[in-house]
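Chain naming here is simple, since letters A, B, ... match the order of the sequence lines and numbering starts at 1 in each.
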Amino acid sequence: MPELPEVETVKRGLNELLKKHEAKIIGLKTSKEALRFPYPKGLKNQLENKKITSIDRRAKYLLFMIGDGPTLVSHLGMTGNWRELQPGENQFLKHDHFRLLLESGHQWIYNDSRRFGFLDIVDPVDLKTSKWFHHLGPEPTTSKEFDENYLFAKTRKKQAPIKNVIMDQTIVVGVGNIYASEALFLAGVDPKKLAGKVSKEECRKIVVSISKVLKAAIRLGGTTIRDFKSAGGSEGYFAQNLQVYGRKGESCFQCHTTIQKSVLAGRATYWCKKCQK
DNA sequence: ACTGGATCCTGATCGC
DNA sequence: TGCGATCAGGATCCAG
């Protein structure tokens with residue numbers, strides 16, 4: 001489900017909720033089944049009676065900040081999501097795995113049908129060097145580091161297709177399978193092109209396109225393919241802006257050539273063979 | 001050292 | 001309509 005724009009959308013939704021009421025945790029419930037990893041030990045002790053001060057994001061991770069206390073890290077995997085229940089509401093769903101019970105009577109619920117997501121507790125002082133974050137590349141929409149020189153250097157001597165490389169979170173974070181195809185269409189670069197053969201000028205276009213497409217998607221609340229919703233419950237409207245993803249056999253909006261689909265590193269890849277070289 | 005495939009899991013959709 | 005096969009927005013692990 002969630003690439004950078006969707007995670008950012010969930011983050012913003014939760015922060016909106018924080019403006020309406022405090023989020024002091026007075027209890028929590030975990031499902032019996034583990035998520036991708038077992039729940040961390042001491043979760044209850046670390047979170048109970050603490051107040052969530054803000055929700056941040058790094059790459060595709062949500063960070064529930066608790067003043068100078070421990071940070072709750074949430075990765076959504078493919079199908080993870082957060083929603084709020086109002087005081088007294090009890091509309092629980094299949095695959096609700098984790099609930100934060102707040103003093104206000106609201107509940108924040110983590111639902112994840114495939115359980116590829118996970119939760120962890122990290123000391124905020126160690127955040128950057130923790131096992132989840134130490135290897136991550138720069139943020140594509142906010143980091144100055146991510147420019148054409150950076151991408152050009154990182155792609156030299158690489159034999160993998162450029163699409164695989166921009167989805168590599170150690171190169172640049174946040175780009176998943178949808179936005180990789182979309183950004184390469186915008187850049188006019190064939191996703192199958194070997195990264196080492198991508199020119200400096202193409203790197204410039206790719207960098208600009210990644211940033212552009214992610215920002216545009218954030219503005220529209222992400223992309224809802226089947227079930228993505230913000231924490232406030234609304235769908236994302238970027239799906240109507242998709243140029244190639246999911247459009248196999250349909251006509252390119254730019255040149256009317258038929259959109260192609262193939263599989264790269266096990267992931268569906270869409271492109272226009274006329275617009276992308 | 002890289003690269004791609006298998007893998008974790010459930011549910012929706014495809015194709016016969 | 002029914003049912004098995006395939007596919008899905010992520011990321012790690014492992015073999016070649």
Side-chain angles (χ1 to χ4, degrees), chain A residues 1-11 31-38 57-62 73-82 93-98 110-120 130-137 140 154-184 191-197 210 213-214 217-218 220-230 235-249 261-270:
Chain A
M1 178 203 297
E3 303 180 38
L4 186 150
E6 290 74 36
V7 179
E8 178 68 21
T9 297
V10 172
K11 182 200 94 175
S31 58
K32 273 191 175 171
E33 303 152 298
L35 298 174
R36 177 166 180 185
F37 307 111
R57 179 190 60 74
R58 168 73 174 114
K60 299 174 190 170
Y61 295 82
L62 289 168
V73 175
S74 165
H75 192 289
L76 305 178
M78 290 278 254
T79 51
N81 206 355
W82 286 89
L93 303 175
K94 196 173 180 183
H95 307 302
D96 280 350
H97 290 292
F98 183 70
Y110 179 71
N111 184 287
D112 189 348
S113 59
R114 292 175 76 180
R115 285 186 276 124
F116 287 174
F118 60 90
L119 297 165
D120 197 15
S130 74
K131 62 173 169 176
W132 307 121
F133 303 117
H134 73 92
H135 62 288
L136 293 177
K154 286 286 185 184
T155 49
R156 294 313 88 188
K157 77 197 184 250
K158 279 212 180 283
Q159 294 298 303
I162 184 64
K163 183 200 177 222
N164 301 7
V165 173
I166 62 173
M167 289 178 68
D168 180 341
Q169 304 298 298
T170 68
I171 305 283
V172 58
V173 302
V175 180
N177 202 39
I178 293 178
Y179 299 111
S181 281
E182 292 298 307
L184 289 172
K192 303 184 301 317
K193 187 165 193 170
L194 298 187
K197 299 208 162 175
I210 287 174
V213 74
L214 295 179
I218 290 168
L220 292 180
T223 300
T224 298
I225 296 282
R226 46 174 59 80
D227 55 4
F228 170 74
K229 287 198 171 105
S230 75
E235 300 197 337
Y237 294 101
F238 193 74
Q240 59 205 52
N241 287 38
L242 295 177
Q243 302 293 302
V244 289
Y245 186 85
R247 300 194 64 239
K248 178 191 176 185
K261 177 189 177 185
S262 68
V263 175
L264 290 181
R267 313 300 299 277
T269 304
Y270 301 85

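Of the side-chain N and O atoms in A:R267, one or more sit less than 4.0 angstrom from OP1 or OP2 of C:dG9.
In this structure a side-chain-to-backbone donor-acceptor pair under 3.5 Å is missing from A:R36 to A:G117. Here the side chain of A:T79 pairs a donor or acceptor atom with the backbone of A:R114 at under 3.5 angstrom. In terms of modelled atom types and a separation under 3.5 Å, the side chain of A:N177 and the main chain of A:A268 share a donor-acceptor contact. No donor-acceptor pair closer than 3.5 Å links the side chain of A:E182 to the backbone N or O of A:L242. Checked by atom type and distance alone, the side chain of A:Q159 never pairs as donor or acceptor with a backbone atom of A:L194 at under 3.5 Å. Without hydrogens or angle criteria, A:Q169 side chain to A:G174 main chain gives a donor-acceptor distance under 3.5 Å. Of the possible donor and acceptor atoms, none in the side chain of A:S181 sits under 3.5 Å from a partner among the backbone N and O of A:Y245. For the pair A:N81 (side chain) and A:K229 (backbone), a donor-acceptor distance under 3.5 Å is present. The main-chain N or O of A:R267 is found under 3.5 Å from a side-chain atom of A:T269 such that the two form a donor-acceptor pair.
Within 4.0 Å (heavy atoms only), A:K94 reaches sugar-phosphate atoms of the nucleic acid but no base atom. Residue contacts shown for A:P5 are absent, as no nucleic acid heavy atom lies under 4.0 Å away. Within 4.0 Å of A:N164, counting heavy atoms only, lie sugar-phosphate atoms of the nucleic acid but no base atom. Residue contacts shown for A:Y179 are absent, as no nucleic acid heavy atom lies under 4.0 Å away.
Among the nucleotides C:dG9, C:dA11, C:dA8, the one closest to the side chain of A:K261 is C:dA8. Here the nucleotide nearest the side chain of A:Y270, chosen from C:dA11, C:dA8, C:dG9, is C:dA8.
Rounding to whole angstrom units, CD1 of residue A:I178 and C1' of C:dG9 are separated by 5 Å. Atom P of nucleotide C:dG10 and atom CD1 of A:I166 are separated by 12 Å, given to the nearest angstrom. Between the CG atom of A:L220 and the P atom of C:dG9 there is a distance of 20 Å, given to the nearest Å. In this structure, the CE atom of A:M167 is 8 Å from the P atom of C:dG9, given to the nearest Å.
The same atom, P, is picked in C:dG9 and in B:dC14; the two are 15 Å apart, to the nearest Å. Spacing of C1' atoms, B:dA6 relative to C:dT6, comes out at 16 Å, to the nearest Å. Rounded to the nearest Å, the gap between the C1' atom of B:dG5 and that of C:dC7 is 16 Å. Across the P atoms, C:dC3 and B:dC9 are found 26 Å apart, a figure rounded to whole Å.
Under the stacking definition used here (centres under 5.5 Å, planes under 30°), the residue A:F116 qualifies as stacked on the base of C:dG10.
Under 3.5 Å, the side chain of A:R114 and the base of C:dA8 form at least one donor-acceptor pair of N or O atoms.
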Run A:K131 and A:D120 through side-chain contact (heavy atoms from CB on, under 4.5 Å) and show every step you take. CA-CA 11 Å; A:K131 62 173 169 176; A:D120 197 15; 4.3 Å; yes

Stepwise side-chain contact (heavy atoms from CB on, under 4.5 Å) test for A:F98 and A:L35: CA-CA 10 Å; A:F98 183 70; A:L35 298 174; 5.6 Å; no

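The nucleotide range of DNA chain B contacted by chain A, defined by atoms under 4.0 angstrom from heavy atoms of the protein and reported 5' to 3', is B:dT3 to B:dG11.
Counting only Watson-Crick or G-U wobble pairs whose defining distances are both under 3.5 Å, the stems of 3 or more consecutive pairs in DNA chain C are B:2-8 with C:10-16, B:10-16 with C:2-8.
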Give every pair of a protein N or O atom and an N or O atom of nucleotides 12-15 of chain C that lie under 3.5 Å apart, one pair per line with the distance.
residue : atom : partner : partner atom : Å
C:dT12  : O4'  : A:R36   : NH2          : 2.9

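Between A:W132 and A:F37, the ring-plane angle classifies as tilted under the 30° and 60° cut-offs.
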